[in-house]
Q: 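Supplied in structure tokens, the structure appears directly below.
Naming convention: chains lettered A, B, ... in sequence-line order (proteins, then strands); numbering from 1 in each chain.
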There are 2 protein chains.
Amino acid sequence: MTNQPSARDRVLTAYEELLINDGPRAATLEAVAAAAGVSKGGLLYHFKSKEALTEGLVLKLRELAELDFAAMAKDPLGCASYYVRTSVFSGTTFDRSIVAAMRLAQGEDGTVRKAFAEVHATWYKLILSDVGDPAVSRAIMLLGDGLYYHAALFGIASGSEPTTVDGESVDVAALLNVVAQMRSGPRS
Amino acid sequence: MTNQPSARDRVLTAYEELLINDGPRAATLEAVAAAAGVSKGGLLYHFKSKEALTEGLVLKLRELAELDFAAMAKDPLGCASYYVRTSVFSGTTFDRSIVAAMRLAQGEDGTVRKAFAEVHATWYKLILSDVGDPAVSRAIMLLGDGLYYHAALFGIASGSEPTTVDGESVDVAALLNVVAQMRSGPRS
DNA sequence: AATTCTATACCGTCCAGCCGGTACAGTAAA
DNA sequence: TTTACTGTACCGGCTGGACGGTATAGAATT
């Protein structure tokens with residue numbers, strides 16, 4: 001109920017946007033407030049401290065992750081394929097949450113890191129249940145992580161342009177082929 | 001010449017250490033100076049500004065990268081194998097430089113990002129020259145990136161303990177098997 | 001005594017958090 | 001239907017502390 005972009009929501013997405021585009025250092029309370037079209041005091045009304053703001057972001061991340069798990073589990077092409085496909089940054093709400101949180105995690109925040117670890121663990125379980133082999137699962141996870149890592153490192157223009165790695169756009173289809181190849185002959 | 005741990009070197013590695021263990025926010029000039037057993041003034045004597053300090057770190061990274069390229073090119077097991085093996089964090093000087101720089105890159109520093117992009121490009125060329133197929137090369141790179149990303153995210157105790165992913169230690173041998181598997185049948 | 005290096009005191013800026021206010025909507029006694 | 005009161009949403013100035021950088025005086029090495 002009442003799901004227009006409330007001030008609170010605007011603040012949260014503004015925080016994400018600033019983290020993604022300008023890094024954690026630029027994401028000051030004032031800057032976030034300004035980007036959300038709210039005063040600093042207004043922001044502080046919704047989030048009592050910067051830590052609370054971060055907690056809000058983590059909560060959002062967790063909620064979106066739950067949805068992602070569900071979609072992953074019922075994907076017709078399987079969890080592994082789903083993971084690789086969705087790991088290339090495409091501007092989803094979830095994508096943005098992840099990259100924003102990643103920026104924070106590098107900073108120092110323990111809460112964010114913990115959330116990440118937990119989400120990762122679930123992903124791994126899902127992929128393992130799909131492909132069977134632990135080493136292959138790990139490899140697939142790492143590949144997806146690498147994809148996100150690139151998205152987090154090199155700024156993402158605010159649109160939803162295709163992810164690039166060192167200037168070249170990523171060929172997802174080719175990547176999926178490689179993944180299929182490494183699934184074809186699992187070692188113990 | 002003169003390669004005892006000079007004050008300058010100590011400052012640089014202290015900076016890296018703080019970046020790795022406590023994040024960029026904690027790596028203040030005073031904290032770095034203290035960790036290096038030097039006063040703030042002493043630090044500023046060697047590096048005129050924080051930016052200069054970062055440049056020093058980037059320079060070190062570039063120099064170590066050159067050595068790594070050489071070792072990679074002449075590795076008996078090939079570039080791809082070398083890359084995967086050395087991507088699991090093992091506490092090397094180079095490892096530490098990379099992770100430290102990674103922390104900074106997330107912050108906002110353009111210089112660091114640029115250096116990263118260049119190093120990455122060279123790695124990619126080397127791996128491509130080894131495995132032939134672009135998609136496979138990309139996959140191998142991403143896999144290695146994922147490994148480093150984990151090292152950067154979850155703090156690394158100051159020793160040289162084996163890298164862990166979500167609590168489990170990484171089985172490099174198994175990973176190399178998977179890589180070998182995906183090299184065995186490259187699709188166009 | 002000159003150069004190299006170290007230590008300390010200090011300044012300006014920036015930022016998180018605080019606080020005293022404003023606006024307004026509901027509500028309920030008169 | 002006015003008046004008084006309460007709670008929610010939001011504003012913007014202020015402050016105290018931290019941090020980057022400067023100045024400068026002193027110690028050690030040559």
Q: Calculate the interatomic distance between K50(B) atom NZ and dG21(D) atom C1'; express it in whole Å.
A: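 Whole-Å distance recorded here is 12 Å.
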Q: Return yes if some donor-acceptor pair links the side-chain N/O of T54(A) with the main-chain N/O of K50(A) below 3.5 Å, else return no.
A: yes
Q: In whole Å, I'd like the distance from the CZ atom of R25(A) to the C1' atom of dA18(D).
A: 11 Å
Q: Do the side-chain N or O atoms of Y45(B) get closer than 4.0 angstrom to the phosphate oxygens (OP1, OP2) of dC5(C)?
A: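 For dC5(C), OP1 or OP2 has a side-chain N or O of Y45(B) closer than 4.0 Å.
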Q: Which residue lies toward the 5' end of DNA chain D, L43(A) or E30(A), if each is placed at its nearest nucleotide?
A: L43(A)
Q: Taking the nucleotide of DNA chain C with the nearest heavy atom to each, does L44(A) or G37(B) sit closer to the 5' end?
A: G37(B)
Q: So, D68(B) side chain and L64(B) main chain: donor-acceptor pair closer than 3.5 Å or not?
A: no
Q: Atom CZ of F47(A) and atom P of dC18(C): how far apart are they, to the nearest Å?
A: 16 Å
Q: For the residue pair Y83(A) and D145(A), confirm or rule out a side-chain donor-acceptor distance under 3.5 Å.
A: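 D145(A) and Y83(A) do have a side-chain donor-acceptor pair below 3.5 Å.
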Q: Counting only side-chain N and O atoms of S39(B), is one of them less than 4.0 Å from OP1 or OP2 of dT6(C)?
A: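 So the side-chain polar atoms of S39(B) never come under 4.0 Å of the phosphate oxygens OP1 or OP2 of dT6(C).
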Q: Could you tell me whether the phosphate oxygens of dT8(D), OP1 or OP2, come under 4.0 Å of any side-chain nitrogen or oxygen in H46(A)?
A: no
Q: Distance check needed: dC10(D) P versus R10(A) CZ, whole Å only.
A: 7 Å
Q: How many Å lie between CD on E51(A) and P on dG17(C), as a whole number?
A: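 Distance check: E51(A) CD to dG17(C) P gives 8 Å.
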Q: Without decimals, in angstroms, what is the distance between K48(B) NZ and dC5(C) P?
A: 12 Å
Q: Rounded to whole Å, please give me the gap between CG in L18(A) and C1' in dA16(C).
A: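 Distance check: L18(A) CG to dA16(C) C1' gives 16 Å.
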Q: Which atoms form the tightest heavy-atom contact between A7(B) and V38(B), and what is the distance?
A: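 Where A7(B) meets V38(B) most closely, the heavy atoms are CB-CG2, 4.4 Å.
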Q: Heavy atoms from C-beta onward define the side chain here; which of dG17(C), dG12(D), dG21(D) lies closest to that of S49(A)?
A: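 Out of dG17(C), dG12(D), dG21(D), the nucleotide with an atom closest to S49(A)'s side chain is dG17(C).
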Q: At less than 3.5 Å, do the side-chain atoms of K40(B) and the base atoms of dG21(D) form a donor-acceptor pair?
A: yes
Q: Tell me, do E16(A) and L61(A) make a side-chain contact under 4.5 Å, heavy atoms counted?
A: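 They are not in contact (no side-chain heavy atoms under 4.5 Å apart), so the answer is no.
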